[in-house]
Number of protein chains: 2
Amino acid sequence: MALKHTILAFLSRQPLSGYEVAKEFTEGFGGCFWKASQQQVYAELAKLERQGCVVYEAIPQAGRLDKKIYSITPSGHQSLIDWLTQPTEPTAIREDLGVMGLAGHLVPNQVVYGEIERRQNLHRDMAQHLKTMDSHFAKHVDALELKDLYMHLIIRRAIRYQEDWVAWCDEALEAIERVVNR
Amino acid sequence: MALKHTILAFLSRQPLSGYEVAKEFTEGFGGCFWKASQQQVYAELAKLERQGCVVYEAIPQAGRLDKKIYSITPSGHQSLIDWLTQPTEPTAIREDLGVMGLAGHLVPNQVVYGEIERRQNLHRDMAQHLKTMDSHFAKHVDALELKDLYMHLIIRRAIRYQEDWVAWCDEALEAIERVVNR
DNA sequence: ACTGTCATGTAACTTGTTACATGATTAG
DNA sequence: CTAATCATGTAACAAGTTACATGACAGT
């Protein structure tokens, strides 16, 4: 599982607090390819610390728990590189909307149609948001250094994914219309 | 979570044994949008039975545990319809290859390039396999009844997903080549 | 006064994975 | 004789979700 290695990858760029790591998943580039809750991040960082992959510097806070700034250790760095050298497995698809394909005929076709329309709007918005995130890289793709190119490519992957959903929704809505008006 | 409702959807089409339900996920249409292990299926069916969503008829087998043929109950049918009427949430993306975007520069670019090539071949094969599954529907799309159209559309979703991966890999490989040969 | 951001966590629960266990029948 | 298919499960573990708890400080 990549939560461990995604966090190590963040920390390989710069030391971060748990709060900041969690934010990477919800607001930053991490969200393009992985999802994790704040609780999961805190738990994983504690585990990583026990494993010796990260260390933290505790910064006393007025009237509350210490802030912990985590950095990657040589051992964590090695674990990340080892992992990057292994082949990846395509993610298993788990998509709720797929059940419509098996049992959609049990509900009125307007329900299916409406749901696809709703999803199309969601994916359109997500594509737009990702494009904004990418615009900085997209402007001068041919001048990027490898590090930034990789980042750009991953955001591109996410953009394509959302746009592909939008296009499929078009295809599906059209096909349903044709059958219903037949 | 859709495991419960995917199984109910299978059983709404016809009664099946646990073994057959599990096979739907690995060989049948179910695998287009959901993944579940045999153990998960057996556990979920037992749970569904306790909840009164399914019942089974035990068929004695020579020298081994009874075979259980599960059917959906009216209560299970209602639960499925209720669920189909609710809005779906887009699946959270969790993709190992994404870590390359954050930390790919820590390994030689040949590693990243090779991995993308490997993935491209995988996704190409999966697209081909799905197209074979779909060919029966694809032949006469305009003559399908709604039930089959929905099925076709879901397989189409899976095909598009795999093909989009293949296209992205092309895009990524080209971009990396351009930067490396610069 | 209230909302949002910063900042840490614990606990209970659900979901999914990996390893193990059993054993008949059929096809090569 | 060996492997695949049929057919059921248990047990331990890892990963992810949901709900709860605490509390300062900044802006409207």
Side-chain angles (χ1 to χ4, degrees), chain A residues 1-8 15-28 30-31 33-51 53-54 56-70 83 89-96 99, chain B residues 1-8 15-28 30-31 33-51 53-54 56-70 83 89-96 99:
Chain A
M1 275 295 110
L3 176 59
K4 170 176 172 176
H5 300 98
T6 305
I7 293 177
L8 289 177
L16 294 167
S17 69
Y19 186 80
E20 286 166 323
V21 170
K23 248 200 332 188
E24 282 294 325
F25 286 105
T26 46
E27 295 169 32
F33 62 89
W34 208 266
K35 199 212 149 191
S37 63
Q38 212 178 42
Q39 294 87 329
Q40 239 187 315
V41 169
Y42 282 118
E44 193 66 34
L45 280 169
K47 197 169 145 192
L48 247 18
E49 201 263 331
R50 286 197 301 275
Q51 293 174 353
C53 291
V54 302
Y56 65 83
E57 191 200 347
I59 297 178
Q61 304 281 110
R64 63 179 118 155
L65 294 173
D66 289 357
K67 178 171 172 173
K68 296 177 181 174
I69 306 291
Y70 287 90
W83 190 83
E89 274 223 45
T91 310
I93 300 171
R94 289 204 165 94
E95 175 55 55
D96 285 5
V99 182
Chain B
M1 274 297 110
L3 177 58
K4 170 176 173 175
H5 299 98
T6 304
I7 292 176
L8 289 177
L16 294 167
S17 69
Y19 187 80
E20 287 166 323
V21 171
K23 246 199 336 189
E24 282 293 326
F25 286 106
T26 45
E27 294 169 32
F33 61 89
W34 207 268
K35 198 212 150 190
S37 63
Q38 213 178 41
Q39 293 89 328
Q40 240 186 314
V41 170
Y42 283 117
E44 193 65 33
L45 279 169
K47 198 169 145 192
L48 246 19
E49 201 263 330
R50 286 196 302 274
Q51 293 174 354
C53 291
V54 302
Y56 64 83
E57 192 199 348
I59 296 177
Q61 304 282 108
R64 63 179 118 155
L65 295 174
D66 289 357
K67 178 172 172 173
K68 296 176 181 176
I69 306 290
Y70 289 90
W83 189 83
E89 274 221 46
T91 310
I93 300 170
R94 288 204 166 94
E95 176 54 55
D96 285 5
V99 182

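Every chain is numbered from 1 and lettered A, B, ... according to where its sequence line falls, protein lines coming before strand lines.
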Please list residues of residues 20-27 of chain A whose heavy atoms come under 4.0 Å from any atom in DNA chain C, ordered by number; otherwise none. A:Lys23
Would you say the side chain of A:Val41 lies within less than 4.5 Å of the side chain of A:Phe25, judging by non-hydrogen atoms? yes
Whole angstrom value for the distance that separates P of D:dA15 from CG of B:Asp96: 12 Å
Please report, rounded to the nearest Å, how far the P atom of D:dA11 is from the CD atom of B:Gln38. 18 Å
If we only count heavy atoms from C-beta on, is the A:Leu48 to A:Ile7 side-chain gap below 4.5 Å? yes
In whole Å, I'd like the distance from the NZ atom of A:Lys67 to the P atom of D:dC25. 14 Å
Below 3.5 Å is the cut-off: list the nitrogen or oxygen pairs between protein and nucleotides 10-15 of chain C, distance only.
residue: C:dT15; atom: OP2; partner: B:Lys47; partner atom: NZ; Å: 2.9

Determine the minimum heavy-atom distance between A:Pro60 and A:Asp66, stating which atoms define it. CA-OD1, 3.6 Å
Got a sec, which pairs hit side-chain hydrogen bond (donor to acceptor under 3.5 Å, both in side chains) with one end in residues 34-43 of chain A, sequence neighbours left out? none
State whether A:Lys4 places a side-chain N or O below 4.0 Å from either non-bridging phosphate oxygen (OP1 or OP2) of D:dA14. no
For A:Pro15, give me all partners under side chain to side chain contact (heavy atoms under 4.5 Å, CB included), at least two apart in sequence or on another chain. A:Ile69, A:Ser71
In whole Å, what is the span from the OH atom of B:Tyr56 to the C1' atom of D:dA7? 14 Å
Could you pull out all residues at least two apart from A:Lys4 that satisfy side-chain hydrogen bond (donor to acceptor under 3.5 Å, both in side chains)? A:Gln51
Can you measure B:Ile59 atom CD1 to D:dA7 atom C1' for me and round it to whole angstrom units? 12 Å
Can you tell me if B:Arg94 touches the phosphate of D:dA15, counting only side-chain N or O atoms and a distance under 4.0 Å to OP1 or OP2? no
Taking only residues two or more places apart in sequence or in another chain, which ones pass ring pair (Phe, Tyr, Trp, His ring centres under 6.0 Å) with A:Phe33? none
Tell me, which pairs form a side-chain hydrogen bond (donor to acceptor under 3.5 Å, both in side chains) where one or both residues lie in residues 15-25 of chain A, sequence neighbours left out? A:Ser17-A:Glu20
State the CE-CG distance between A:Met1 and B:Asp96, to the nearest 0.5 angstrom. 6.0 Å
Axial bend angle, the helix from C:dA1-D:dT28 to C:dG28-D:dC1: five-pair end segments, nearest 10°: 40°
For B:Glu95, check salt bridge (Lys or Arg N to Asp or Glu O under 4.0 Å) against everything at least two apart and list the hits. B:Arg119
To the nearest Å, give me how far apart CD (B:Glu57) and C1' (D:dT8) are. 17 Å
A:Glu49: what forms a side chain to side chain contact (heavy atoms under 4.5 Å, CB included) with it, not counting sequence neighbours? A:Val54, A:Tyr56
Pairwise distance CD(B:Glu44) to SG(B:Cys53) - rounded to 0.5 angstrom: 9.5 Å
To the nearest angstrom, how far is A:Leu45 atom CG from D:dG16 atom C1'? 16 Å
By nearest-nucleotide position on DNA chain D, the 5'-leaning member of B:Ala92 and B:Ser17 is B:Ser17
Provide, to the nearest angstrom, the distance between the CG atom belonging to B:Asp66 and the C1' atom belonging to C:dG23. 14 Å
Protein and nucleotides 26-28 of chain C: nitrogen or oxygen contacts under 3.5 angstrom:
none

If I compare all heavy atoms of B:Leu45 with all of B:Gly18, which pair ends up nearest, and what's the gap? CD1-CA, 3.5 Å
Rounded to the nearest 0.5 Å, how far apart are CH2 of A:Trp83 and OG1 of A:Thr6? 6.0 Å
